[in-house]
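Worksheet for the structure shown next.
Labels below follow one simple rule: chain letters A, B, ... track the order of the sequence lines, proteins then strands, and each chain is numbered from 1.
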Amino acid sequence: MVKEYDDILDIDERIFEFEKKNNIVFSQNQKKAIKMALTQGVSLITGGPGTGKTTIIKCIIEIFEQEGKKVFLCAPTGRAAKRMQAACQKEAKTIHRLLEMTVTDSQVFFQKGPNNPLRCDVIIVDEMSMVDSYIMYYLLSATKDTTGLVLVGDKDQLPSVGAGNILKDLIRSDVVPYVKLTEVYRQSEDSFIVLNAHRINNGEFPHLQKNSDFYFIQKNSQEEILKTIVELVTKKLPNYLSADPLTDIQVLCPSKKGIVGMYNINKVLQQYLNPKDGSKKEVVYKENTFRVGDKVMQIKNNYSLEFTIIEGEEKGKVSTGIFNGDIGVIKDIDRAGGAMEIVFDDDKLVFYDFSLLDDLELSYAMTVHKSQGSEFRCIVMPVVETYPILMTRNLLYTAVTRAKELVVLVGKKSALEYMIANQKEAMRYSALYDFLKRKLKDTQLQAL
DNA sequence: TATACCCT
C-alpha cells in the first residue's frame with residue numbers, strides 16, 4: 001500500500017463545506033488528520049474518547065465518496081462495527097465478516113485474500129486497539145496495493161487479548177504517518193475525569209476534590225468495598241445523580257472471580273436491586289437466575305436474532321442483529337413457552353428463546369475488558385490487589401474513560417498506586433516493531 | 001494467572 005492520493009483537489013474547501021453543513025469547526029490538528037487520511041496510502045489516527053475520531057471518519061468518508069471512491073468500513077468487534085455503522089450512516093462490518101470468514105469442521109479460513117482481494121479504494125478500520133496480529137495479517141493479505149488504509153483507535157486503551165500490539169507498534173515505529181488527537185471536546189474543560197485520565201496516563205495519582213466528578217473512596221477489605229459499592233449503586237448515586245441504577249450506573253470489575261469480581265457483584269446487586277419476589281417470574285439456568293427486571297448482556301454476536309423497535313421514529317420496524325456487549329432488561333418470562341422478552345438498547349424488543357441462554361449474562365457488573373468501546377453516565381470500580389496481569393494503567397484508564405459524568409473508585413490506595421505505575425501491558429514479545437524499524441522502509445506494511 | 005475476539 002504505497003499509493004498516495006494526489007488527485008483530490010481543494011481539500012481545505014471540502015473540509016470547510018463539511019464543517020458548515022454539520023455546524024462544527026475542526027481544530028488544526030483534526031484537519032491535519034483528515035488531510036493525512038485523504039492523501040496518504042496508509043495513515044493512523046489515535047485519540048481518547050471525545051477527541052472527535054468519529055466525526056473525522058465521517059468527513060473522510062464524505063470527501064472520498066464525492067470523488068467516487070469506494071470506501072469500506074470495519075472494526076474488530078460486532079458492537080464496534082454496529083456503532084460505526086450507526087454513527088456514519090453507512091454499512092460497517094466486523095473485519096472477519098468483511099473478509100468473509102468461513103468455518104468448516106474446525107477449519108477456519110477467509111474467502112478474501114491475495115487472490116480475491118477486497119475491491120475498494122479505501123478501508124477505514126475503527127477501534128484499532130482491539131485488533132490483533134492474526135486478523136491484521138489477513139486484512140492486509142486481502143488489501144490491494146492501490147487500496148488506502150485509514151486506521152483509527154485509542155492507543156491508551158486495553159491492548160488486544162490476542163497476540164501483538166499492532167496499534168502501539170505502528171506508532172512507535174514511526175513508519176506510518178499518524179496524528180494524535182489530544183483535545184477533548186465532549187466533557188467540559190474543568191472535568192476531573194479528563195484531567196485524571198491524562199494524569200493516569202502520565203503515571204500520576206488522580207487529583208481528588210470534593211464535589212468534582214471523580215471520587216476515590218478508600219476501603220481496605222474486600223467485604224467493605226463490596227458493601228460500599230452496593231450502597232453507592234442502590235442508594236447514594238441514584239440520589240446524587242437522579243440516575244437510574246440500571247441504565248445510568250455501571251459497575252466495572254478488573255476480574256470475574258473473587259468477592260469484588262464480576263460474578264459475585266452481579267449476584268449481590270441482583271439481590272438488592274431486583275430481589276426474589278413471588279410475583280416476579282424467573283428462570284434458573286446453570287449458575288444464573290434470570291428474573292423479570294434484571295439487567296442482562298448478550299455475550300455473543302447473533303446476526304439473525306429478530307427484534308422490533310418499540311420507541312422513537314422507527315417504532316414498529318422489524319430488523320435483526322443483537323451483538324456481543326449489547327445490554328438489555330428482561331421484561332417478561334414465559335416458562336411454558338421457553339422464552340423471555342428482553343428489551344435491548346432501550347428500544348429493541350426481542351423474543352429470547354431459552355436455548356440461547358448460554359449467550360446471556362447478568363450485567364449489573366461487567367469486566368473492564370467488556371466495557372471497552374461503551375460509555376455510561378457513571379462508573380463504579382473496585383480497586384483491589386488481584387491478578388497482576390489485570391492491575392495495569394491501561395485497564396484503569398479504560399475504566400475511567402468509560403464515564404461521561406462521574407467516576408467512583410472504591411478500594412485500596414496501594415492497589416490504585418500500583419495500577420497507575422504498572423505499564424507492564426506493553427510487554428508484548430512482538431517482533432513487529434523491530435521488523436518495521438529495520439526492514440520495511442519502502443515496502444512498508446505489506447509484510448505485516 | 002487472567003483478560004477475551006471472530007463465524008455458521
Side-chain angles (χ1 to χ4, degrees), chain A residues 74-84 92-113 125-139 141-142 153 156-167 251-265 297-305 320-326 355-356 358-359 361 363 365-374 381-399 402 415 418-419 422-428:
Chain A
C74 62
T77 69
R79 255 172 75 80
K82 178 179 132 181
R83 272 197 314 272
M84 194 184 193
K93 297 177 179 178
T94 61
I95 301 171
H96 309 73
R97 287 202 132 202
L98 187 69
L99 299 174
E100 296 173 29
M101 183 186 191
T102 311
V103 181
T104 57
D105 355 282
S106 78
Q107 278 264 344
V108 177
F109 66 98
F110 298 96
Q111 309 272 1
K112 291 291 173 188
V125 190
D126 199 2
E127 296 286 0
M128 266 301 292
S129 61
M130 292 190 260
V131 172
D132 62 19
S133 6
Y134 168 83
I135 197 66
M136 190 66 185
Y137 169 80
Y138 286 101
L139 175 62
S141 322
D156 299 313
Q157 284 201 41
L158 293 162
S160 56
V161 173
N165 207 351
I166 303 278
L167 184 58
V251 178
L252 301 180
C253 304
S255 91
K256 293 185 181 180
K257 297 177 199 166
I259 295 170
V260 293
M262 181 198 89
Y263 294 129
N264 193 49
I265 293 188
M297 183 197 270
Q298 173 75 8
I299 56 163
K300 212 173 156 192
N301 290 346
N302 188 327
Y303 290 86
S304 57
L305 196 53
T320 55
I322 298 294
F323 295 90
N324 187 355
D326 285 354
S355 64
L356 298 172
D358 274 327
D359 301 343
E361 264 178 5
S363 183
M366 70 171 83
T367 61
V368 177
H369 278 79
K370 271 274 183 221
S371 77
Q372 180 125 288
S374 301
M381 185 170 91
V383 181
V384 289
E385 269 94 14
T386 174
Y387 307 99
I389 205 164
L390 296 174
M391 295 191 64
T392 64
R393 183 186 293 179
N394 299 60
L395 188 134
L396 181 62
Y397 168 87
T398 302
R402 297 310 93 204
Y418 182 94
M419 291 182 90
N422 182 13
Q423 292 194 79
K424 274 244 180 65
E425 60 76 30
M427 285 298 291
R428 295 253 167 162

>> Can you confirm whether Gln111(A) is buried at CD, in the sense that more than 12 heavy atoms of other residues, nucleotides or ligands lie under 6.0 Å from that atom?
In response: yes
> Within the structure, does a side-chain N or O atom of Tyr387(A) lie under 4.0 Å from either OP1 or OP2 of dT1(B)?
Replying inline: no
> In whole angstrom, what separates Phe110(A)'s CZ from dC5(B)'s P?
Replying inline: 16 Å
> Of the non-hydrogen atoms in Asp132(A) and Ala163(A), which two are nearest, and what is the gap between them?
Replying inline: CB-O, 3.2 Å
> Asp359(A) has an atom CG; how far is it from atom P of dC5(B), in whole Å?
Replying inline: 12 Å
> Angle class for the Tyr303(A)/Phe323(A) ring planes (parallel below 30°, perpendicular above 60°, tilted otherwise)?
Replying inline: perpendicular
> In whole angstroms, how far is the P atom of dC6(B) from the CG atom of Leu98(A)?
Replying inline: 15 Å
> Whole Å only: how far is the CD atom of Glu100(A) from the C1' atom of dT8(B)?
Replying inline: 14 Å
>> If you compare all heavy atoms of Cys253(A) against all heavy atoms of Ala365(A), which two are closest, and at what distance to 0.1 Å?
In response: SG-CB, 4.0 Å
> Do the side chains of Leu98(A) and Glu100(A) get nearer than 4.5 Å, heavy atoms only?
Replying inline: no
> What does Tyr303(A) touch in the nucleic acid at a heavy-atom separation under 4.0 angstrom: a base, only the sugar-phosphate, or nothing?
Replying inline: sugar-phosphate
> Does Thr367(A) have a side-chain nitrogen or oxygen under 4.0 Å from the phosphate oxygens OP1 or OP2 of dA4(B)?
Replying inline: yes
> What's the CE-P distance between Met101(A) and dT8(B), to the nearest Å?
Replying inline: 9 Å
>> Using whole Å, what does the distance between atom C1' of nucleotide dT3(B) and atom CG of Leu390(A) come to?
In response: 5 Å
>> By the 4.0 Å heavy-atom rule, please label Ile389(A) as base, sugar-phosphate, or nothing.
In response: base
> Is any side-chain nitrogen or oxygen of Thr102(A) closer than 4.0 Å to OP1 or OP2 of dT8(B)?
Replying inline: no
> Could you state the CD-P distance from Gln298(A) to dC5(B), rounded to the nearest angstrom?
Replying inline: 12 Å
>> Whether Arg97(A) contacts dC7(B) is assessed here as follows: a side-chain N or O lying under 4.0 Å from the phosphate OP1 or OP2. Is that the case?
In response: yes
>> So Asn301(A), base contact, sugar-phosphate only, or nothing? Heavy-atom distance under 4.0 Å.
In response: sugar-phosphate
> Is the shortest side-chain N/O distance from Lys370(A) to OP1 or OP2 of dC5(B) below 4.0 Å?
Replying inline: yes
>> Measuring to OP1 and OP2 of dA4(B), would you say a side-chain N or O of Lys256(A) lies under 4.0 angstrom away?
In response: yes
> Over how many whole Å does the gap from Leu99(A) atom CG to dT8(B) atom C1' extend?
Replying inline: 16 Å
